[in-house]
There are 4 protein chains.
Amino acid sequence: MAVHQVETLFAAYLEKADLSNKQKAVLSACLSLFSEQGFERTSTAAIAKRAGVSEGTVYKHFKSKTELLDASLEPLSHSVVPQLASEFIDEVHPERFAHLEDLLRFVIHDRLAFAINNRAMIRVFAQEVFVRSDLLQVGVNAIFGQFAVGFGRAIQHFQATHELIDWSSLRLLRTIAGGIIGYALPVVMMPDGTYPFDINQATDELVESLLKTLTP
Amino acid sequence: MAVHQVETLFAAYLEKADLSNKQKAVLSACLSLFSEQGFERTSTAAIAKRAGVSEGTVYKHFKSKTELLDASLEPLSHSVVPQLASEFIDEVHPERFAHLEDLLRFVIHDRLAFAINNRAMIRVFAQEVFVRSDLLQVGVNAIFGQFAVGFGRAIQHFQATHELIDWSSLRLLRTIAGGIIGYALPVVMMPDGTYPFDINQATDELVESLLKTLTP
Amino acid sequence: MAVHQVETLFAAYLEKADLSNKQKAVLSACLSLFSEQGFERTSTAAIAKRAGVSEGTVYKHFKSKTELLDASLEPLSHSVVPQLASEFIDEVHPERFAHLEDLLRFVIHDRLAFAINNRAMIRVFAQEVFVRSDLLQVGVNAIFGQFAVGFGRAIQHFQATHELIDWSSLRLLRTIAGGIIGYALPVVMMPDGTYPFDINQATDELVESLLKTLTP
Amino acid sequence: MAVHQVETLFAAYLEKADLSNKQKAVLSACLSLFSEQGFERTSTAAIAKRAGVSEGTVYKHFKSKTELLDASLEPLSHSVVPQLASEFIDEVHPERFAHLEDLLRFVIHDRLAFAINNRAMIRVFAQEVFVRSDLLQVGVNAIFGQFAVGFGRAIQHFQATHELIDWSSLRLLRTIAGGIIGYALPVVMMPDGTYPFDINQATDELVESLLKTLTP
DNA sequence: TATGAATGAGCCTTCATTCAT
DNA sequence: TATGAATGAAGGCTCATTCAT
């Protein structure tokens with residue numbers, strides 16, 4: 001993911017998805033409108049208009065408005081979770097990351113880039129997660145599913161080399177995630193372009209902070 | 001705030017506000033329903049029903065549905081910001097907090113308690129802040145308004161005593177806030193009672209983590 | 001029923017039903033429009049317009065368009081079946097009908113009057129019964145339910161006195177019903193006022209025909 | 001008709017009609033769907049799907065959905081009426097039917113077979129006749145058109161021989177039709193296969209009944 | 001000729017808001 | 001003041017019909 005993250009998840013999904021150009025336009029319109037106005041405040045008429053198609057066309061591949069929301073968030077549940085998992089299982093090997101700092105730097109930069117590149121989708125998710133328990137499940141699975149396995153292995157490795165403090169996975173996760181969220185939140189919440197952000201500086205700062213915290 | 005936080009902001013607001021019992025019931029119904037279902041998904045009929053009043057009564061003191069949302073979030077904008085500010089200006093004195101750890105412990109426990117006691121209101125706020133830029137302004141003001149002054153003074157004090165690392169206020173704020181959010185987020189997002197949480201243990205852990213990060 | 005049949009079932013139902021005047025107007029509009037155009041071809045907007053109310057009012061007491069159809073046919077299922085049954089159980093006593101001719105005359109006149117007075121409702125029922133199996137059940141129950149018991153007793157009585165031919169109830173029912181339908185069908189199918197009909201002459205003719213058939 | 005009635009009118013019509021195989025499939029789909037769900041409840045998409053063709057093809061020979069209904073009922077108006085008429089004019093000769101019983105037996109069996117073989121089409125007709133006055137006209141013409149002439153001649157013949165009671169044609173028609181309808185109605189209304197029916201027994205019973213009624 | 005994507009009018013239904021009682 | 005019946009403007013969705021391929 002670290003590499004193909006240059007594009008957003010959503011754009012990558014549209015590219016691969018078996019959808020006509022009009023249906024891609026529909027989903028793009030959904031993402032931008034849901035992100036700007038929220039799901040409930042966005043009418044199917046507005047979606048059709050922004051997509052440049054008729055309202056009937058909107059319903060050709062998507063049976064309901066809810067399905068539009070699901071399709072808009074599809075990349076999150078079907079890409080983020082598996083990729084996060086495989087990332088830690090396949091890529092996060094000791095030989096690849098000689099020291100804890102290297103791992104931290106990779107994870108932090110990757111997640112910050114993810115948050116920034118997929119701002120719109122995250123905004124949509126954040127608005128709906130409070131109301132739709134199935135979405136919450138997606139997020140929970142993302143963290144406590146396969147991903148946790150890979151993450152746990154990485155932890156054990158660096159705890160064995162005494163580079164990483166001997167805390168529980170949950171506490172470590174919270175510490176790292178909290179740090180990332182602290183930097184990413186304003187960027188995601190503020191309208192695009194409103195908030196100046198230098199991902200490299202942020203990564204440097206976070207790595208420095210977290211290293212101090214996580215070193216025994 | 002640390003003291004009267006035993007109750008939620010919203011309950012305290014209802015107590016003081018110049019509203020009839022029926023109107024208090026209406027606002028309570030709003031908060032719970034908005035928190036459970038979101039603002040758009042909640043009908044005024046449902047509000048009236050839960051409040052045990054007629055639909056006409058709902059519109060007696062509140063001219064529109066939007067006004068109900070504003071009133072539900074009123075305590076945030078008119079209590080949190082000023083209290084946060086005065087807290088740091090009035091209460092956070094060097095003589096009160098001999099060491100950085102004492103200040104951290106106070107702030108962390110206070111904000112965690114706030115997040116937990118006002119879960120419902122925060123949920124409502126979180127859902128709407130993406131869509132309503134005026135709410136965003138409230139949050140921004142909360143941080144970069146008067147509060148920043150008091151926070152800045154406290155920072156300068158402990159930086160002068162070399163107990164606090166020489167970072168910018170923004171970076172310090174992000175670090176502390178990120179830590180707190182990492183712990184508070186799951187509690188706020190999960191349905192009430194779903195997520196086990198021990199505020200004292202969380203405070204201890206966070207103080208330990210942040211002290212390591214923030215000590216020069 | 002023979003007596004209060006002076007009014008239609010539907011009017012009697014409206015009188016007794018716990019409905020506001022507007023809701024009565026809505027149901028009346030439904031019956032006439034469904035009868036004229038059929039259920040599917042009638043829009044809720046047209047119903048509202050003919051009832052002289054807003055479309056929202058239509059949905060105040062009736063949760064869906066289907067419920068409007070059900071309510072329009074309610075008198076059939078909740079009045080016809082029970083009344084038919086009780087009629088034969090309570091009223092059709094040997095002492096009341098000295099001879100088979102008296103019974104036939106009563107039944108024929110009563111059913112013809114019923115068909116003519118409730119033309120509109122029967123038209124609605126006839127259109128929908130092909131598509132809604134639950135309605136079919138209503139009709140079947142009407143005939144093979146309690147009613148059949150009373151009818152069977154009457155049959156046995158006159159078969160015992162040798163005034164009635166020794167056929168099965170089903171064949172007797174079909175013979176009598178067929179005769180009545182032969183007279184009633186054109187009246188029900190043709191638009192109101194189009195088809196001249198003298199119920200007394202029809203009764204006389206039918207009684208004469210059926211007596212010949214049913215006398216041993 | 002008595003002979004080729006082994007097939008349904010509709011199948012015979014499809015055979016002779018100048019239609020491509022696809023168009024025949026479309027009409028067959030129409031008849032079955034209209035019969036099962038009613039005209040309004042059947043979408044052109046469903047017709048295309050059941051016929052195994054595209055929606056565009058449906059509209060190739062039939063300019064509108066209404067035209068599909070008309071074509072589905074075409075056999076009724078262009079076969080039943082003329083055949084009924086010619087039947088009585090050409091076939092119902094005194095020399096062919098020595099006695100009234102022979103005529104009755106022929107007519108009853110023929111019409112019962114017609115009703116059963118063409119259940120589906122009759123169902124479609126019955127649903128639409130209430131709403132479309134032009135269809136009603138078809139039925140009325142069927143009876144009071146040329147057919148009545150042939151029927152009238154047959155009546156006069158047997159009234160002259162004093163085998164048939166001296167009633168008006170209308171009354172005789174109603175009596176015979178009522179009898180047939182009494183037997184055919186349940187078969188037509190119930191879903192196929194639901195209602196057990198023996199056409200020969202029914203014919204015997206009806207001939208017996210009607211002979212008693214119609215003999216002076 | 002056959003396809004099926006595309007259209008847009010119109011449908012059923014909901015809901016914020018008003019107002020006579 | 002409180003009620004809740006009434007409103008009517010959208011909103012989501014369906015479907016008969018067309019037309020470029």
Side-chain angles (χ1 to χ4, degrees), chain A residues 19-23 25-26 39-49 51-68, chain B residues 20-23 26 39-49 51-68, chain C residues 19-23 25-26 39-49 51-68, chain D residues 20-23 26 39-49 51-68:
Chain A
L19 291 172
S20 69
N21 284 333
K22 301 224 171 191
Q23 297 304 326
V26 168
F39 174 72
E40 293 284 349
R41 264 178 264 250
T42 302
S43 71
T44 53
I47 293 168
K49 192 176 180 185
V53 301
S54 74
E55 234 174 313
T57 298
V58 172
Y59 280 86
K60 204 74 185 193
H61 281 79
F62 306 100
K63 278 190 271 293
S64 69
K65 198 187 165 195
T66 301
E67 211 160 90
L68 286 170
Chain B
S20 70
N21 285 333
K22 301 219 171 190
Q23 297 306 324
V26 168
F39 173 72
E40 291 286 347
R41 266 177 260 250
T42 301
S43 69
T44 52
I47 294 167
K49 191 176 179 186
V53 302
S54 72
E55 281 195 68
T57 300
V58 171
Y59 278 83
K60 199 70 193 185
H61 283 79
F62 307 100
K63 279 193 265 298
S64 71
K65 199 187 167 195
T66 301
E67 214 160 87
L68 285 169
Chain C
L19 291 172
S20 70
N21 285 333
K22 302 224 170 188
Q23 297 304 326
V26 168
F39 175 71
E40 292 285 348
R41 262 178 264 251
T42 303
S43 71
T44 53
I47 294 168
K49 192 174 179 186
V53 302
S54 74
E55 234 174 314
T57 298
V58 171
Y59 279 84
K60 205 73 185 195
H61 281 80
F62 306 99
K63 279 190 270 292
S64 68
K65 198 187 166 196
T66 300
E67 211 160 89
L68 285 170
Chain D
S20 70
N21 284 334
K22 301 220 171 189
Q23 297 305 324
V26 168
F39 173 72
E40 291 286 346
R41 265 176 263 248
T42 301
S43 70
T44 53
I47 293 167
K49 191 177 180 186
V53 302
S54 71
E55 281 195 68
T57 299
V58 172
Y59 278 84
K60 199 70 192 184
H61 283 81
F62 307 100
K63 278 191 266 296
S64 71
K65 198 187 167 195
T66 301
E67 214 160 86
L68 285 169

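Any value given below was found using the heavy atoms of this structure, including those in side chains, with hydrogens, waters and symmetry copies removed. Since the model is a prediction, treat every value here as computed from it, not as a measurement. Below, chain A is the first sequence line, B the second, and so on; all start at residue 1.
We find that CD1 of A:I47 is positioned 10 Å from C1' of F:dG12, with the value rounded to whole Å. If you take CG of A:L19 and P of E:dA5, they are 12 Å apart, rounded to a whole angstrom. Atom NZ in D:K49 sits roughly 13 Å away from atom P in F:dC15 (whole-Å rounding). What separates CZ of A:F39 from C1' of F:dG11 is a distance of 12 Å, to the nearest Å. Atom pair D:R41:CZ and F:dT14:P shows a separation of 16 Å (rounding to whole Å applied). In this entry the distance linking CD of A:E40 with P of E:dT14 reads 14 Å, nearest Å.
Side-chain contact between A:T57 and A:Q23 is present, with at least one heavy-atom pair separated by less than 4.5 Å. Taking the side chain as every heavy atom from C-beta outward, B:V58 and B:L68 approach each other to under 4.5 Å. The shortest distance between side-chain heavy atoms of C:K65 and C:F39 falls below 4.5 Å.
Remark: B:S54 is in phosphate contact with F:dT3, judged by side-chain N or O atoms under 4.0 Å from OP1 or OP2.
F:dA6: Watson-Crick or G-U partner is E:dT17, with both key distances under 3.5 Å.
Nearer to the 5' terminus of DNA chain F, by closest-nucleotide assignment, is the contact made by B:T57 (compared with the other of B:T57 and C:H61).
Considering every non-hydrogen atom in both C:V53 and C:V26, the closest pair reads CG2-CG2, 3.9 Å. The two atoms that bring D:H61 and D:S20 nearest to each other are CE1-OG, 4.5 Å, heavy atoms only.
Distance NZ/B:K49 to OG/B:S43: 9.5 Å, rounded to 0.5 Å. To the nearest 0.5 Å, atom OG1 of residue B:T44 and atom CZ of residue B:F62 are 13.5 Å apart.
Between the side chain of C:K22 and the base of F:dA5, no donor-acceptor pair of N or O atoms lies under 3.5 Å.
Counting only heavy atoms from C-beta on, C:K60 has its side chain closest to F:dA5 among F:dA2, F:dA5, E:dA5.
Residue contacts for C:V53: at a heavy-atom cut-off of 4.0 Å it reaches the sugar-phosphate backbone alone, with no base atom in range. Backbone-only contact: C:S43 has heavy atoms under 4.0 Å from sugar-phosphate atoms and none from a base.
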Under-3.5 Å N/O pairs linking protein and nucleotides 17-21 of chain F:
from	atom 1	to	atom 2	distance (Å)
F:dT17	OP2	D:Y59	OH	2.7
F:dT17	OP2	D:K65	N	2.8
F:dT17	O4	D:E55	OE1	3.2

